[in-house]
Number of protein chains: 2
Amino acid sequence: MFLQQTITDFSSGIVSPIASMPLLATVEAEYSPLVLTGVLLSLVVIYLASKIGAEIAKRLDFPPVLGELVAGVIVGVSALHLIIFPESGLSASDSGVMMVMQWINHLSPAALTSVFETKSEVISVLAELGVIILLFEIGLESDLRQLKEVGYQATVVACVGVAVPFAAGTAGLMTIFHVAAIPAIFAGAALTATSIGITSKVLSELGQLKSKEGQIIVGAAVIDDVLGIIVLAVVASLAKTGEIDVANVIYLIVSATAFLIGAILLGGIFNHSFVVIVEKFKTRGNVIIPAFIFAFFMAFIGSAIHLEAILGAFAAGLVLDETDARDELDELVKPIADIFVPIFFVTVGARADLGVLNPTVPENRAGLFIATFLMVVAILGKVVTGWAVFGQPGINRLAVGVGMIPRGEVGLVFAGIGSASGVLDKPLEVSIIIMVILTTFLAPPLLRIVFNQPVEPPSQEESTGESAILASESQIIS
Amino acid sequence: MFLQQTITDFSSGIVSPIASMPLLATVEAEYSPLVLTGVLLSLVVIYLASKIGAEIAKRLDFPPVLGELVAGVIVGVSALHLIIFPESGLSASDSGVMMVMQWINHLSPAALTSVFETKSEVISVLAELGVIILLFEIGLESDLRQLKEVGYQATVVACVGVAVPFAAGTAGLMTIFHVAAIPAIFAGAALTATSIGITSKVLSELGQLKSKEGQIIVGAAVIDDVLGIIVLAVVASLAKTGEIDVANVIYLIVSATAFLIGAILLGGIFNHSFVVIVEKFKTRGNVIIPAFIFAFFMAFIGSAIHLEAILGAFAAGLVLDETDARDELDELVKPIADIFVPIFFVTVGARADLGVLNPTVPENRAGLFIATFLMVVAILGKVVTGWAVFGQPGINRLAVGVGMIPRGEVGLVFAGIGSASGVLDKPLEVSIIIMVILTTFLAPPLLRIVFNQPVEPPSQEESTGESAILASESQIIS
């Protein structure tokens, strides 16, 4: 591994034996030192962008994560093309990082494409590990007892937040824009998503994760995520066969419920043995490695039963928050999250193609018109959910509603599947993408406003009793 | 990204539109949720193996890293086949992790192979990031002033440790075993390597990294790494053309020297601005992200100028050790290293094919005979380097020599290139692989013995003044 770089240097002279050698059998392996070089350069760009973006956002009184998203847009497909992905339709020769690699190594076009694809895949996996670790950390910072307390409210908020945008969006598209039923249903479904990653990160930055509003939003976003998977299953089977695959929908509902409840119940047993095991360990990583085994295992299960990896990681965080190792874990996970999570947010920004906002393209113009309507439904349909909260006098209803606004990548997946299955025409697809991008970028500053935050570091000054741990941790960091 | 898992679920019905959709253009992207699932399961296996291995090793009074290597062997190509790589010649259907994936997702053979290759590449990059972060941490724990003090000794040790095994190995193979000159030179070259990763990790575990012996070993291993690249360039060009590419050798010597000295000189300027910049930052990751930008950038440069990424990371660590942010950084890097570094050691073990030790295979028998000779040269040729140390009365010369023994993957790369270029016949290749595996696995317990360590946690009890920081940190962990 150490000297594989050198292998490639000599490969110009001995290409065919290298290709057939047992140590380096596949195409990927042949270029693997180059993949590492590309990953290192990409990470340097991502980290630079995230830090500059976060610091500027902080000084402008926006949540830092918005700065990371915008910095991602600047280095991504919409502007500088430093960090791009094959899915965007751009090729290796459009990528700034790959051009530097090309300049250093004089790669053939085939090699360049292979390295570009593998490097992009590695960065994608790192970004996905980033959001898994983020949700694990959010789980650690959440309080299971408090989540249970607001469980009914969160469920109602989630259901209203799915039903209202779906109904209003579908009906509006059919009546105002005369869209056919199935594409209208697809677009309506895309309006139901909530991006738990963006919302929870902003809440954490505002020091509001442990507030009642924060816990309702996180709980509702988790449930919304599950509902989103079910809605997608319904509309995808509707688009495919014209009928709803009832068996699959029931499977998803049962498995999601069983997984979340089972994880927390089993976790109650496991969390005692966790502390016992950890105390017996004497080598480095005695706490963090068992915690990551649990988190990644739960994420694997979540993903294996066709739910989501982040749900498993969140459940793992909730369970470990109940153990005595909590404070130590919080502190150990923080630097790990600090280096993984920005990869997620920067790549979300980097993937967002703001080209769809350009009104000089005819297809975009039709899309912008529908998009305006979808935006209104997307925002109002989620804001009303705040008024669905019952039995919580004095709660900031607007904050709960606004917390549900960002659609994130979930909405993009709807657009992608709809377009792939031929259900969505180009203007409708573009309008969904615009709606997703704008809700994602608008939510952080809106959340900031509705929580009425002061300019200075929030968690220290606004801390309630529950966020005392948060405050003491941020002192370590700052 | 969130719901891409679901896309794949439906792909059985709508495969062709999915393949052509813009969001998921490439084959890799189509299977990317499966890649994530595979990576998560692989990481769970790797972490479980590393922790169990390390804890057992600790209890048997071996360095924990030996346990991680052996655990890697058990889950790897030699035994359970849970974590294997395409380079081993095994296919996806031999991989335990992929069989679980297959069982969950009912993948086609093509999909299975694609996911296997991409997943393996991601794990490889994570492992390489692991050794980069390890060397960054070793740099942070090393003391530049002390390294400079022992600089001459380290250079002499490195040069003797290259010259003696090379001369003795080549001469012995030619005279005793009647091997032709060029293959004998190749095998001799494979004897020159030193695995800086394994040696420095063991030293760190023994609490001996800051001892005079430890600093000489680390310094010599770094120089040996550079010499190894130059020796490889020489023998590879010799094998290819029968002549030595003098220009390339001069380029490597000049660039390596310029890089290491330049990094440290420029770092002296940069390390003041580092603290100034870090103090201005107000968002999360204010210390760790700039540190990783620097470490990964240096690693990128090291890799881009055809040296090694780990040399850049080591230099970055040395530079940042000179700043006032040192103690904070040490503590932040620790949990990150804890989750990255085990991936490196477990995969080193998982890649080691102990099948070459099987004497019932005729080719192996010839190899075992030569291997015995190579082992003797490999050990004695490095042990004598301890006696090359001058002007250091009372130094543990045996410890210095033993510290240089492990060959690690560097030796395997020699074997691989030699075999690919047709220079090495099968028995000679096998014997080099055996020599590399045995030196790698023998060095940790031998180092333990020569440093004459007690059973209990070393850094707390044996701490000299300089390792006080280490001691206080291990209290946080344990």
Side-chain angles (χ1 to χ4, degrees), chain A residues 1-3 5-6 9-10 13-14 17-18 21-26 28-29 36-37 39-41 43-44 47 51 54 58 64 86-87 89 104 117-118 121-122 125 128 232 236 240 282-285 288-289 292-293 296-297 299-300 303-304 306 332 335-336 338-339 409-410 413 416 420-421, chain B residues 1-3 5-6 9-10 13-14 17-18 21-26 28-29 36-37 39-41 43-44 47 51 54 58 64 86-87 89 104 117-118 121-122 125 128 232 236 240 282-285 288-289 292-293 296-297 299-300 303-304 306 332 335-336 338-339 409-410 413 416 420-421:
Chain A
M1 196 177 309
F2 284 161
L3 289 174
Q5 180 74 46
T6 324
D9 302 343
F10 297 114
I14 41 170
I18 285 276
M21 68 191 273
L23 219 80
L24 303 169
T26 61
E28 278 81 9
L36 177 67
T37 313
V39 168
L40 287 171
L41 185 56
L43 288 178
V44 169
Y47 286 150
K51 208 81 221 88
K58 181 89 185 169
E87 300 93 282
I104 296 167
E117 287 180 358
T118 312
E121 190 60 37
V122 173
V125 171
E128 288 171 77
L232 185 62
K240 204 168 68 184
K282 290 174 183 169
T283 56
R284 265 188 66 167
I288 196 73
I289 289 285
F292 267 73
I293 290 174
F296 284 170
F297 179 71
F300 164 72
S303 145
H306 300 178
L332 293 172
I336 298 170
D338 285 345
I339 66 150
E409 320 64 34
V410 195
V413 171
S421 58
Chain B
M1 196 176 309
F2 284 161
L3 289 175
Q5 179 74 46
T6 324
D9 301 344
F10 297 113
I14 41 170
I18 284 277
M21 67 189 273
L23 219 80
L24 302 169
T26 60
E28 280 81 9
L36 176 67
T37 313
V39 168
L40 287 170
L41 185 56
L43 288 178
V44 169
Y47 287 150
K51 207 82 219 86
K58 181 88 185 169
E87 301 92 282
I104 296 168
E117 287 181 357
T118 312
E121 189 60 37
V122 173
V125 171
E128 289 170 77
L232 184 63
K240 201 169 69 185
K282 290 173 183 171
T283 56
R284 265 187 67 167
I288 196 73
I289 289 284
F292 267 73
I293 291 175
F296 284 170
F297 179 72
F300 164 71
S303 147
H306 300 178
L332 293 172
I336 299 170
D338 284 345
I339 66 151
E409 322 64 35
V410 195
V413 172
S421 59

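The two atoms that bring B:Pro64 and A:Thr283 nearest to each other are CG-CG2, 3.6 Å, heavy atoms only. What you find for A:Ser303 and B:Thr37 is that their closest heavy atoms are OG-OG1, 2.6 Å. Residues A:Asp338 and B:Ile289 approach most closely at O-CD1, 3.2 Å, considering heavy atoms.
At a 4.5 Å heavy-atom cutoff, the contact between B:Ile293 and chain A is made by backbone and side-chain atoms alike. Proximity to chain B (any heavy atom under 4.5 Å) is shown, for A:Leu41, by both the backbone and the side chain. When heavy atoms are compared at a cutoff of 4.5 Å, A:Val39 approaches chain B solely by way of its side chain, counted from C-beta outward.
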Next on the checklist: Run the side chain to side chain contact (heavy atoms under 4.5 Å, CB included) test on A:Ile339 and B:Phe296 for me, step by step, so that the C-alpha distance in whole Å, both residues' side-chain angles and the decisive distance to 0.1 Å come before the verdict.
Outcome noted: CA-CA 12 Å; A:Ile339 66 150; B:Phe296 284 170; 5.9 Å; no
